[in-house]
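Lettering of chains follows the sequences in order, A, B, ..., and the numbering in each one begins at 1.
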Number of protein chains: 2
Amino acid sequence: MGDAEAVESYSNVLSGVVKLTKGLSDGRQQIVGLQFAPDFLGRPFKSESAIDAEAATEVSLCSFPRTVIERMMKASPGLEHRLLKQTLNELDEAREWMLALGRKTASERVASFLLMIARNIDPAADPAARSASFDLPLTRADIADFLGLTIETVSRQLTRLRASDVIRIENNRHVTVDDLGRLEQRCGD
Amino acid sequence: MGDAEAVESYSNVLSGVVKLTKGLSDGRQQIVGLQFAPDFLGRPFKSESAIDAEAATEVSLCSFPRTVIERMMKASPGLEHRLLKQTLNELDEAREWMLALGRKTASERVASFLLMIARNIDPAADPAARSASFDLPLTRADIADFLGLTIETVSRQLTRLRASDVIRIENNRHVTVDDLGRLEQRCGD
DNA sequence: CGCGCGATTGAGTGAGCTCAAGCCTCGTGG
DNA sequence: CCACGAGGCTTGAGCTCACTCAATCGCGCG
């Protein structure tokens with residue numbers, strides 16, 4: 001629990017959000033993944049591939065040393081199967097964001113981000129619900145690092161969404177979307 | 001073999017390069033992965049996630065129906081293990097490109113692309129070799145779709161690399177890099 | 001109160017896009 | 001054998017979206 005860098009071991013995210021980041025030598029940074037409960041955390045079969053894990057919010061983890069998990073995986077094929085499924089899902093998500101980073105405009109990226117968060121965090125996880133309300137798990141700086149934009153651009157796009165009555169924002173963090181359909185229309189796909 | 005869209009089955013890429021693409025409704029497109037021999041091709045446990053597979057070059061495949069592979073995977077844990085390893089590698093690659101798409105400049109992206117291709121294609125797969133020579137498996141349009149740029153920008157950056165004597169180009173397709181170190185310096189990381 | 005941190009807002013700049021023209025190579029048909 | 005056209009690539013000119021730099025705001029905390 002807290003914001004330590006938990007590498008060299010496997011963990012299960014019990015609550016909170018963990019960000020996975022990659023950086024360039026001159027300080028530019030990109031968030032390459034967000035892990036929500038109850039995701040796994042860690043990179044089997046390899047000496048951590050230059051990815052840093054950092055808590056984005058208060059986080060509670062359940063972690064094991066590397067060797068233990070690797071032994072468990074050999075013993076129980078079910079575990080490996082579950083890990084494969086999660087990895088495939090992460091790959092799908094990564095590719096979804098490659099599309100956003102490579103081809104979407106700033107406003108489409110922000111809309112897509114809000115929609116993704118809404119779907120992951122909104123407590124009333126009713127997929128049919130046409131509205132959502134949630135706290136952003138990331139600061140503007142983190143959102144910018146996730147979307148490949150600057151803080152200022154993120155802020156301006158949020159302001160525009162608010163001005164268009166697509167979202168409401170309270171305390172800089174809490175977002176309410178009355179009509180998710182209107183948000184979806186702004187995602188570009 | 002050829003350039004058909006091979007979905008709904010699993011395949012092994014025997015030779016050539018397959019591009020995985022995602023598109024937006026208005027036609028914008030992004031290449032989200034390249035599969036070289038001897039990669040797997042296909043998406044287990046899911047009804048193909050809005051990703052299209054298309055041959056980038058002449059390709060030869062060895063493919064099986066979905067059901068067969070899924071049965072084989074249940075029978076042999078070794079297969080599932082191998083699939084997990086490849087999937088983890090693809091995830092690493094996808095994240096590498098998220099960094100490029102989100103944070104690298106056009107010239108850094110082109111340099112990174114050339115380096116990636118050199119490492120995958122150069123016949124003399126000697127990792128210690130400090131030079132490489134290879135045919136680009138993609139057209140300028142495909143490179144642009146992979147790097148989140150336009151054809152024109154890709155072309156201009158290649159011209160700049162050529163003008164700086166980092167690469168030589170023959171027939172628009174064949175690239176020679178005399179000093180890979182100089183190319184690496186232009187990747188940003 | 002005053003400081004620090006995160007966020008917003010404004011003004012000006014520039015990297016990469018759009019639009020447009022021209023080049024090169026190769027295949028096809030006269 | 002050459003003319004022609006198509007497709008892929010390059011180059012140029014101008015524009016625009018997102019970036020940079022800078023000022024300001026608001027809030028929480030010592």
TODO: Give B:L158 one of three labels, base, sugar-phosphate or nothing, depending on what nucleic acid heavy atoms sit under 4.0 Å from its own.
DONE: nothing
Can you tell me whether the side chain of B:R156 and the base of D:dG12 have a donor-acceptor pair closer than 3.5 Å? yes
**Base D:dC17 paired with A:Q157 side chain (donor-acceptor, <3.5 Å)** = no
Electrostatic pair B:E90-B:K85, nearest N-O below 4.0 angstrom: no
Provide, to the nearest angstrom, the distance between the [atom1] atom belonging to [X] and the [atom2] atom belonging to [N].
X: A:L161; N: C:dT8; atom1: CG; atom2: C1'; answer: 15 Å
X: A:R140; N: D:dG26; atom1: CZ; atom2: P; answer: 16 Å
X: A:D145; N: C:dG6; atom1: CG; atom2: C1'; answer: 14 Å
X: A:R173; N: D:dC27; atom1: CZ; atom2: P; answer: 16 Å
X: A:R28; N: D:dC19; atom1: CZ; atom2: P; answer: 13 Å

Would you indicate which nucleotide in [options] comes nearest to any side-chain atom of [X]?
X: A:N172; options: C:dA7, D:dT10, D:dC19; answer: C:dA7
X: A:T139; options: C:dA7, D:dA18, C:dT8; answer: C:dA7
X: B:S155; options: D:dA18, C:dG16, D:dC9; answer: D:dC9
X: A:E152; options: C:dC19, D:dT20, D:dC19; answer: D:dT20
X: A:I151; options: C:dT8, C:dT9, D:dT10; answer: C:dT8
X: A:A106; options: D:dA18, C:dT18, D:dC9; answer: D:dA18

Practice task
Determine, stepwise, if the pair A:K22 / B:D189 fulfils salt bridge (Lys or Arg N to Asp or Glu O under 4.0 Å).
Solution key: CA-CA 10 Å; A:K22 282 178 81 79; B:D189 45 21; over 6 Å; no
ask   = Yes or no on side chain to side chain donor-acceptor pair (under 3.5 Å) for A:S63 and A:S9, after CA distance, side-chain angles and deciding distance?
value = CA-CA 7 Å; A:S63 49; A:S9 62; 4.7 Å; no
query = Between A:S15 and A:E58, is any pair of side-chain heavy atoms under 4.5 Å apart?
reply = no
* Asked: Side chains of B:V32 and B:F146: does their closest heavy-atom pair fall under 4.5 Å?
  -> no
Closer than 4.0 Å, any side-chain N/O of B:T150 to the OP1 or OP2 of C:dG16?
no
